[in-house]
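Take a look at the structure set out below.
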Amino acid sequence: MSRNTVALQTETGTLDLDVHTAAHAFAQSLAESAEFQAFECAAERLGQDEVAQNAIQAFQNKQQSLQMLLQLNAIGTEDRAELERLQEAFLDQPTVLGYVEAQEKLATLCQAAANLLSERIGLSFSACCGSGCC
Amino acid sequence: MDTNYSVPHEISTAAEQLAKAILRAGPIAAYQQAKARLDGDTQARELLERFLKTQSDLRVRQSRNAVTQSDVDELRALQREVHSNQRIRNYAETQQAAIAYLPAINQEISQLLGVDFASLAGRGCC
């Protein structure tokens, strides 16, 4: 580290001021993208959709109650069918579909941006940050 | 991912600026230097490649329950050589430090966005 480098302490580690500033500018450019704006809108619509929220909750409750059986791959036919029915019920909600679609588009953008970073720095940015990819 | 996907100019410019800043940061610069020294050392590079290949081959044989004592001895011998090679050790140590540096950058990006950038970027990979 050069003598003139200023370091900033974050929860995860220490960053050079230059890196901190550039990271903010990079994040800002992503936040201003059409994909991110669409994702935020889709997330808000989903959050306000009571029917969709109830459907998601019903699925999650069922899934949680069967957690151990699922991990042991010992779930019965009836329970599996019920779980699948509940999953279809929330995935069919228009706001859920909209959210998933918006998230996928944002993910595509983020993957491409991360690839640019990775190619330049010679390390896989997403893998190094624990996404487990590759 | 669609290989024809084009990152918007503002984002690619910001990514380039961020990459430049990261490359100047201590842990990353040290890793780049150690990597360049290793790349320039044919003997060390070939030793590392031989070790990684032997290790990989052993894993395959292990899955078939076909590992011999000779295989294990060969890997251990290469491991000792690798550990005693300063260039390789330096490369490995600086790589670890470089990898450890990146989560803090992801945290800065993710805090502003309100979503985990690296997790989104890692979806659908491979």
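Letters go in sequence order (proteins before strands), and every chain restarts at 1. The basis for the numbers below is simple: all heavy atoms, side chains too, and nothing from hydrogens, waters or symmetry mates.
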Side chain / backbone / both / neither for B:Leu112 at chain A, heavy atoms under 4.5 Å: side chain
If you draw a 6.0 Å radius around CD in B:Gln69, do more than 12 non-hydrogen atoms from other residues or ligands fall strictly inside?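 Yes.
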Counting heavy atoms not belonging to A:Lys62, are there more than 12 under 6.0 Å from its NZ?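 Above 12, so yes.
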To the nearest 0.5 angstrom, please state how far the [atom1] atom of [X] sits from the [atom2] atom of [Y].
X: B:Phe117; Y: A:Phe26; atom1: CZ; atom2: CZ; value: 4.0 Å
X: A:Cys128; Y: B:Tyr101; atom1: SG; atom2: OH; value: 13.5 Å
X: B:Leu23; Y: A:Arg120; atom1: CG; atom2: CZ; value: 5.5 Å
X: B:Ile99; Y: A:Cys129; atom1: CD1; atom2: SG; value: 10.0 Å

Report which part of [X] has an atom under 4.5 Å of a heavy atom belonging to chain B: side chain, backbone, both, or neither.
X: A:Ile121; value: both
X: A:Ala31; value: both
X: A:Leu116; value: side chain
X: A:Gln28; value: both
X: A:Gln103; value: both

For B:Gly26 and A:Asp16, work out which heavy atoms get closest and say how close.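 Taking B:Gly26 first and A:Asp16 second, the nearest heavy atoms are N-OD2, 4.0 Å.
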Considering all heavy atoms, the nearest A:Ala27-B:Leu113 contact: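 For A:Ala27 versus B:Leu113, the nearest heavy atoms are O-CD2, 3.5 Å.
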Close approach to chain A in residues 9-21 of chain B, criterion heavy atom under 4.5 Å: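 If one takes a 4.5 Å heavy-atom cut-off, the residues of residues 9-21 of chain B near chain A are B:Glu10, B:Ile11, B:Ser12, B:Ala14, B:Ala15, B:Glu16, B:Gln17, B:Leu18, B:Ala19, B:Lys20, B:Ala21.
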Proximal to chain A - members of residues 29-58 of chain B, heavy-atom separation under 4.5 Å: B:Tyr31, B:Gln32
Any heavy-atom pair between the side chains of [Y] and [X] that's under 4.5 Å?
X: A:Ser126; Y: B:Asn106; value: no
X: B:Val7; Y: A:Asn115; value: no
X: B:Arg24; Y: A:Asp18; value: yes

Within one Ile-Leu-Val-Met-Phe-Trp-Tyr cluster: [X] and [Y], side-chain cutoff 4.5 Å:
X: A:Tyr99; Y: A:Leu91; value: yes
X: A:Ile56; Y: A:Leu97; value: no
X: A:Leu86; Y: A:Val51; value: no

